[in-house]
Amino acid sequence: MLLVNTIRDNFEIVLEGLQKRNFPNAEAVLHQVLEFDKNRKETQVKRDSLQAESNNISKQIGMLMKDGKKEEAEKIKTRTTEIKEQIKTLEEEYNTYEEDLRQLLYTIPNVPHYAVPKGKSAEDNEVILQHGEIPVLQEDKLPHWELIKKYDIIDFDLGVKITGAGFPVYKGRGARLQRALINFFLDEALHAGYTEVQPPILVNEDSGYGTGQLPDKEGQMYEATIDKLYLIPTAEVPITNMYRDVILNELEFPIKNVGYTPCFRREAGSWGAHVRGLNRLHQFDKVEIVQIAHPEKSYEALEEMSNYVQSLLQKLELPYRVLRLCGGDMGFTSALTYDMEVFSAAQERWLEVSSVSNFESYQANRLKLRFRGEDKKTQLAHTLNGSALALPRIVAAILENNQTEEGIKMPKVLIPYLGFDII
RNA sequence: AGAGGAGUGGCAGAGUGGUCGAUUGCGGCGGUCUUGAAAACCGUUGUACCGAGAGGUACCGGGGGUUCGAAUCCCUCCUCCUCUGCCA
């Protein structure tokens with residue numbers, strides 16, 4: 001979440017940023033934040049001075065009791081009873097202001113980077129580059145949901161039987177393709193300097209708040225209610241939360257982690273004509289890269305991550321484009337996001353396969369993720385993450401774009417991982 | 001899952017109601033000494049909030065309670081260790 005100090009010291013910038021996101025009543029909400037904060041401080045001053053007085057009296061009582069002057073001690077006691085009641089009232093007041101402030105801050109999204117274009121929806125995103133040839137397919141080309149049946153490599157009906165819609169079963173070469181992609185992505189990340197981690201795929205509430213899924217996207221996560229745990233919608237959550245309540249040494253930057261996990265999303269209310277087959281699932285596999293960076297270096301890191309993700313798409317020989325998301329389409333916690341989309345030749349549309357974001361200090365503030373610089377003072381770090389990559393739509397594009405009369409040809413880089421070159 | 005034990009500052013480890021944010025040791029940082037280093041010695045060494053500052057407040061696993069006063073007592077939750085059981 002945003003720092004109150006940032007809102008106070010850069011009011012206009014924050015306001016303009018939120019307006020770029022079409023955040024309603026931005027000005028009133030920001031004023032409310034400052035109001036709550038002011039009240040909180042004033043109450044704290046009163047409470048603390050009374051508490052100081054009370055602490056003093058208690059010390060006096062202690063000394064008197066030691067000297068055996070019980071009667072004098074009893075006298076002073078009566079004074080503290082008054083103070084205590086006042087403190088209690090102020091304490092409640094303070095807690096209310098603090099809680100109101102926090103709840104309000106939770107509702108405010110991150111301030112977009114100045115490069116973020118204005119806009120309301122995905123249509124206003126800015127295409128910043130396009131790469132690769134769009135393949136020309138034969139007349140009887142098939143979308144992937146037909147291809148998977150034809151070659152019997154992914155079974156949605158079986159998934160329905162076992163679990164429900166959106167939980168496919170990968171079979172035979174389909175399963176092997178999944179495994180090959182995961183290994184390929186992990187190996188590539190390793191070569192790019194990332195440290196591999198295997199985090200838990202259930203997380204607690206604190207972690208959900210740390211990276212911003214809670215309370216913003218409560219209904220989007222599956223919950224294990226008996227244990228108050230959530231199934232992760234992305235490895236971003238556990239991996240970034242490894243650094244919750246941590247004070248790093250400046251020298252440790254940049255921290256680069258990569259992890260493969262299944263991801264679970266309820267996708268409540270987001271099903272429609274365009275989400276057939278692998279386009280949208282409740283469970284899918286993803287390799288995620290996460291960086292913790294020095295604030296002055298975080299945009300360099302973002303570019304590095306963007307280039308890295310593009311290198312994967314190039315190696316997979318998939319045509320792609322890169323979008324800079326507009327204010328209206330960006331995630332709640334992000335300051336700047338690049339989306340990578342591959343062209344799916346049979347569906348004849350672009351599919352989002354990666355989203356690379358710089359959260360600046362928005363997550364770090366919630367996570368209390370700080371570092372100590374040369375001046376020994378603590379300062380919030382910047383967090384970034386990106387998919388590298390999400391599997392289902394990559395699979396869809398590979399299947400559709402590479403279909404031939406002989407079968408589906410596999411990208412060269414995957415062949416060593418697959419042990420076959422055609423499906 | 002049952003029984004027992006334990007959770008204190010970067011680490012180790014005192015403290016069981018009173019001037020304790022907390023003895024001490026190690027580690028870290030600064031200094032003296034040295035050509036340099038080691039050793040020795042001296043000093044320093046948590047986080048957050050409030051305050052112009054002086055300074056104040058909070059935090060001894062989390063939350064709640066008792067008390068004028070809690071690291072210390074009570075309740076509850078979490079985590080770890082040992083034994084028993086179960087299990088991939």
Side-chain angles (χ1 to χ4, degrees), chain A residues 1-9 33-105 198-210 214 223-230 238 241-252 255 262 361-381:
Chain A
M1 58 194 163
L2 298 178
L3 287 160
V4 175
N5 286 345
T6 308
I7 295 174
R8 189 173 35 241
D9 300 341
V33 167
L34 297 183
E35 178 75 15
F36 281 149
D37 187 55
K38 187 169 155 255
N39 292 338
R40 192 197 103 245
K41 284 183 187 176
E42 285 172 3
T43 312
Q44 182 180 349
V45 170
K46 288 185 206 160
R47 183 201 64 186
D48 283 0
S49 62
L50 276 179
Q51 187 65 56
E53 194 182 339
S54 170
N55 287 349
N56 255 319
I57 293 171
S58 290
K59 279 182 189 173
Q60 284 178 39
I61 291 173
M63 285 188 277
L64 289 171
M65 297 293 266
K66 233 178 195 174
D67 298 344
K69 297 172 182 172
K70 273 194 176 177
E71 282 177 25
E72 280 183 53
E74 286 300 325
K75 271 185 202 168
I76 319 182
K77 270 192 194 179
T78 55
R79 270 179 61 204
T80 56
T81 356
E82 270 175 62
I83 298 176
K84 264 184 76 181
E85 269 178 42
Q86 291 177 43
I87 291 175
K88 203 182 167 189
T89 311
L90 287 167
E91 182 73 26
E92 282 166 10
E93 214 173 292
Y94 179 87
N95 288 340
T96 306
Y97 285 132
E98 205 188 25
E99 184 60 21
D100 287 350
L101 178 62
R102 185 169 50 236
Q103 291 304 330
L104 190 58
L105 286 171
Q198 270 192 35
I201 59 178
L202 272 80
V203 294
N204 58 29
E205 204 181 32
D206 286 346
S207 295
Y209 275 96
L214 293 175
E223 283 183 61
T225 49
I226 294 175
D227 298 292
K228 288 184 185 162
L229 298 173
Y230 296 86
N241 270 283
M242 297 196 304
Y243 299 92
R244 174 151 46 85
D245 288 316
V246 165
I247 299 177
L248 296 161
N249 187 313
E250 196 176 21
L251 302 173
E252 294 175 69
I255 290 172
S361 61
Y362 191 92
Q363 288 183 329
N365 188 27
R366 288 200 189 178
L367 293 160
K368 293 190 176 66
L369 163 51
R370 292 157 291 171
F371 70 95
R372 209 185 300 278
E374 258 185 80
D375 59 359
K376 306 272 181 185
K377 284 187 180 172
T378 59
Q379 200 185 138
L380 291 174

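Each chain gets a letter, A, B and so on, in the order its sequence line appears, and its residues count up from 1.
Comment: A:Glu99 engages A:Arg102 in a salt bridge, judged by a side-chain N to carboxylate O separation of less than 4.0 angstrom. The pair A:Lys88-A:Glu91 does not meet the salt-bridge criterion, since no charged nitrogen lies less than 4.0 angstrom from a carboxylate oxygen.
With hydrogens and angles ignored, the 3.5 Å screen pairs a side-chain donor or acceptor of A:Arg366 with a backbone N or O of A:Tyr209. When atom types are taken as modelled, the side chain of A:Thr89 and the backbone of A:Glu85 share a donor-acceptor pair closer than 3.5 angstrom. Under a 3.5 Å cut-off, the side chain of A:Ser58 and the backbone N or O of A:Ser54 do form a donor-acceptor pair.
Paired regions of RNA chain B, where each region holds three or more successive Watson-Crick or G-U pairs whose two hydrogen-bonding distances fall under 3.5 Å, are B:1-7 with B:78-84, B:10-12 with B:24-26, B:27-32 with B:40-45, B:46-50 with B:55-59, B:61-65 with B:73-77.
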**OP:** Classify every nucleotide of nucleotides 51-64 of chain B by which part a protein heavy atom approaches to under 4.0 Å, writing B for the base, S for the sugar-phosphate alone and - for neither, in 5'-to-3' order.
**Re:** S----BSS------
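In this structure, CG on A:Asn365 lies 8.0 Å from CG on A:Leu105, to the nearest 0.5 angstrom.
Following rounding to the nearest Å, A:Gln60 (CD) and B:U67 (P) show an atom-to-atom distance of 21 Å. Atom-to-atom, CG of A:Leu229 to P of B:U79 comes out at 10 Å; the value is rounded to the nearest Å. Straight-line distance from the NZ atom of A:Lys377 to the P atom of B:G46: 15 Å, rounded to whole Å. Atom NZ of A:Lys77 is separated from atom P of B:U67 by 10 Å (rounded to the nearest Å). What separates CG of A:Asn5 from C1' of B:C50 is a distance of 12 Å, to the nearest Å. In this structure, the CG atom of A:Asp245 is 19 Å from the P atom of B:G46, given to the nearest Å. Following rounding to the nearest Å, A:Lys88 (NZ) and B:C68 (C1') show an atom-to-atom distance of 16 Å. Atom pair A:Asn365:CG and B:C49:C1' shows a separation of 14 Å (rounding to whole Å applied).
Summarising the local packing, CZ of A:Arg79 is surrounded by 12 or fewer heavy atoms from other residues, nucleotides or ligands at distances under 6.0 Å. When the shell of 6.0 Å around CD of A:Gln198 is examined, it contains 12 or fewer heavy atoms from other residues, nucleotides or ligands.
Within 4.0 Å (heavy atoms only), A:Lys368 reaches no atom of the nucleic acid at all. Using a 4.0 Å heavy-atom cutoff across all strands shown, A:Arg79 reaches no nucleic acid atom at all.
Between B:A48 and A:Thr378, a contact under 4.0 Å exists linking OP1 or OP2 to a side-chain N or O.
At a cut-off of 3.5 Å, with distance as the only test, no side-chain donor of A:Asn56 or A:Gln60 sits close to an acceptor on the other residue.
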Sort me out a list of protein N/O and nucleotides 18-22 of chain B N/O pairs below 3.5 Å, or just none if empty.
from  : atom 1 : to      : atom 2 : distance (Å)
B:G18 : N2     : A:Ser58 : O      : 2.8

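Toward the 5' end of RNA chain B, the nearer of the two residues A:Gln379 and A:Ser54, judged by each one's closest nucleotide, is A:Gln379.
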